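Only one structure is covered here, and it is reproduced in the block below.
Index from 1, following the sequence. Hydrogens, waters and symmetry mates play no part in the numbers below; they use all other heavy atoms, side chains included. Keep in mind that what you see is a predicted model, and the values were worked out from it rather than measured. Every number for a ligand or one of its atoms is a count from 1 in the order of the listing.
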Amino acid sequence: MKYSGYAYVYTIGCQMNVYDSEKLALILSSYGFEKTDDMDKADIVVCNTCSIRHKAEEKAFSFLGRFAKIKKKKPHLITVMAGCVAQQEGKKAFERIPHLDIVLGTQAFSRFGKHIDAVKSGKLRVVDIEDSSMIYEAMPDSTCFDENKISRFVTIMQGCENFCTYCVVPYVRGRERSRDPEKIVEEITLLAESGVREVTLLGQNVNSYGQKEGGISFPQLLARINEINGIYRIRFATSHPKDLSMDLIYAIRDLDKVCNHLHLPVQSGSNQVLKKMNRGYTREKYINRIYDLKKQCPDIALSTDMIVGFPSESKNDFYDTMNLLREIEFDSIFAFAYSNRSSAPAAKFPNQIDEKEKLDRLNQLLALQEQYTEKKNKDLVGKVLEVLVEGKSGKKRDGFEQIGKNLEQMTGRSESNKIVHFPSEHAKIGDRINIRIKDAYPHSLWGHPVGDCEYR
Ligand code: 5AD
Ligand code: SF4
């Protein structure tokens with residue numbers, strides 16, 4: 001059916017949810033709803049949820065909870081809980097959000113339209129948390145492109161079968177399945193034609209891409225995407241350390257568009273914790289993998305995910321994690337306090353760590369990393385980095401005024417994913433510009449286009 005009205009889509013969580021929300025917006029647009037950024041105008045509100053940590057889950061309930069009052073004044077408003085919390089909670093979601101209309105699980109997108117029809121024709125409370133071995137395919141459509149967005153996410157596989165003991169993903173995103181490479185190439189070609197210059201390929205463990213389906217491997221997929229005209233940069237997340245192959249390392253080394261950056265979540269530096277997490281590698285194996293990688297790609301930027309306060313993590317285990325940070329010197333990390341998820345096995349593990357202790361460890365870890373992030377950035381001062389221009393910079397800085405008061409301050413990212421600000425007369429979104437780095441801060445670099453006058 002076709003409807004009229006506005007749709008507001010609110011996204012919580014990871015990059016995959018950002019991609020999924022774009023697909024939900026496409027479905028809504030095919031049903032006649034126009035996208036709005038003004039929640040008050042909405043006739044349908046979708047909250048695309050995340051259940052990886054308690055805080056994210058609570059955010060979803062509090063966002064949707066607000067609509068109790070609004071729906072009293074606007075009874076035709078449709079409210080939808082989509083994604084991981086929806087999958088996890090099913091009809092239990094109505095206990096906390098009685099005014100909710102649709103609970104749309106992670107594998108129910110292809111049936112979303114049907115559920116909207118049902119609610120429009122008077123059905124109360126639709127729940128769809130059925131599993132599916134298929135991946136919902138919705139090709140981007142040129143009317144939904146934001147011209148200024150030169151960088152986009154593209155999910156290449158869904159689900160996970162690694163069953164790390166702290167993680168809900170295998171329970172809420174289902175079995176691992178990969179998209180057809182032809183569909184991925186078609187989608188990225190369309191994106192490139194619409195002006196997209198950088199894609200980030202998403203999957204819980206990209207190394208096992210295509211393995212079940214018996215199609216092409218992940219490095220082979222990278223080689224296909226490397227051929228697409230208009231795409232300048234290819235990023236990907238996430239690689240699992242236990243399956244990082246030499247072929248992937250060679251692909252990073254040899255394919256010109258694949259960025260010189262790897263996100264390789266380690267989670268802990270302690271072998272006893274890694275074992276309890278069911279990660280499938282030891283600290284030594286992880287370090288060896290990094291050495292293999294650095295041998296082939298000496299300048300590679302590295303980032304990781306860490307969890308502190310996993311059940312039974314002793315002070316010494318935590319120091320092992322701190323020491324791993326010192327040993328590897330990551331460019332950046334994402335660190336989290338362990339969050340107990342009732343559907344994941346670790347929820348029942350003995351020796352849970354006190355919340356205050358977890359936060360204390362988290363702060364210590366972040367403070368230590370801050371030094372390395374800054375050091376890595378400072379090492380770049382004087383070097384020339386190719387920057388893909390993303391837009392105008394919101395930042396102002398003394399000294400920049402001196403190099404031409406009328407120059408626009410722009411921002412972009414280096415291949416190693418560092419934010420770079422610079423003044424420029426001509427730079428446009430989507431351009432690649434060589435920038436000589438003049439100053440480095442923990443979270444950004446400052447420089448000026450090579451060839452332009454020095455600003456100090
Ligand atoms: N508690 C804290 N962090 C978690 N992550 C996954 N599950 C949990 C949890 N229960 C983190 C991991 C993962 C990242 C996406 O989220 O570090 O790599
Ligand atoms: Fe979760 Fe582990 Fe799968 Fe990553 S690999 S999604 S942490 S179960």
Side-chain angles (χ1 to χ4, degrees), residues 11-20 49-59 83-85 87-88 106 153 155-178 200 202-209 211-212 218 236-244 262-270 273-281 286 302-313 318 321 324-325 330 332-349 352-355 357-359 361-363 365-366 369:
T11 310
I12 301 168
C14 64
Q15 301 168 331
M16 214 171 257
N17 268 11
V18 173
Y19 178 82
D20 285 350
T49 61
C50 168
S51 61
I52 201 127
R53 282 171 289 275
H54 178 70
K55 229 183 186 166
E57 192 173 306
E58 282 309 303
K59 200 168 163 189
C84 295
V85 180
Q87 186 70 31
Q88 179 184 284
T106 52
F153 300 122
T155 291
I156 60 163
M157 59 201 295
Q158 289 181 349
C160 183
E161 282 163 25
N162 287 312
F163 293 99
C164 301
T165 53
Y166 51 81
C167 186
V168 291
V169 169
Y171 310 97
V172 293
R173 290 242 175 211
R175 282 174 301 154
E176 188 179 279
R177 56 222 181 269
S178 298
T200 303
L202 303 176
Q204 305 298 347
N205 181 9
V206 292
N207 285 93
S208 47
Y209 172 80
Q211 269 173 22
K212 270 190 183 171
F218 183 58
F236 58 87
T238 295
S239 296
H240 195 302
K242 76 177 165 56
D243 309 307
L244 175 65
L262 188 69
H263 183 67
L264 197 64
V266 63
Q267 312 298 0
S268 169
S270 150
V273 173
L274 286 170
K275 194 153 188 229
K276 287 191 177 134
M277 285 177 162
N278 190 32
R279 288 293 289 174
Y281 55 87
Y286 183 89
L302 289 169
S303 56
T304 197
D305 291 345
M306 301 265 193
I307 298 177
V308 295
F310 185 78
S312 86
E313 183 191 69
F318 173 63
T321 297
L324 185 77
L325 226 64
F330 293 100
S332 60
I333 66 166
F334 296 92
F336 311 99
Y338 167 73
S339 171
N340 226 342
R341 311 284 55 221
S342 57
S343 48
K348 297 189 187 67
F349 286 6
Q352 300 276 334
I353 310 292
D354 174 70
E355 289 302 321
E357 179 64 23
K358 283 189 220 171
L359 276 186
R361 290 181 192 181
L362 180 64
N363 287 333
L365 192 77
L366 290 171
Q369 178 55 34

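Distance check on atom 4 (Fe) of ligand 2: every protein heavy atom falls at or beyond the 4.0 Å cut-off.
Ring geometry, Y286 versus F330: the interplanar angle falls from 30° to 60°, so the pair is classed tilted.
We find the OG1-CG distance between T238 and L262 to be 9.5 Å, quoted to the nearest 0.5 Å. Separation of atoms NE2 (H240) and CG (N162) is listed at 4.5 Å; rounding is to 0.5 Å. Once rounded to the nearest 0.5 Å, the distance linking CG of L324 with CG of L365 reads 10.0 Å.
Panel detail: atom 2 (Fe) of ligand 2 has protein N, O or S atoms under 2.8 Å away, 1 in number.
A salt bridge links R341 to E57: one of the charged nitrogens lies within less than 4.0 Å of a carboxylate oxygen. Residues R361 and E357 are paired through a salt bridge, judged by an N-O separation under 4.0 Å between the basic side chain and the carboxylate. Between K212 and E161, at least one side-chain nitrogen of the basic residue sits less than 4.0 Å from a carboxylate oxygen of the acidic one, meeting the salt-bridge criterion.
For the pair S178 and I156, the minimum side-chain heavy-atom distance is 4.5 Å or more. In this structure the side chain of Y338 never reaches within 4.5 angstrom of the side chain of F336, judged on heavy atoms.
Ligand 1 lies under 4.0 Å from heavy atoms of I52, R53, Y166, Q267, D305, I307, F336, A337, Y338, S339, R341.
Ring to ring, H263 and F236 are not that close: their centroids are 6.0 angstrom or more apart.
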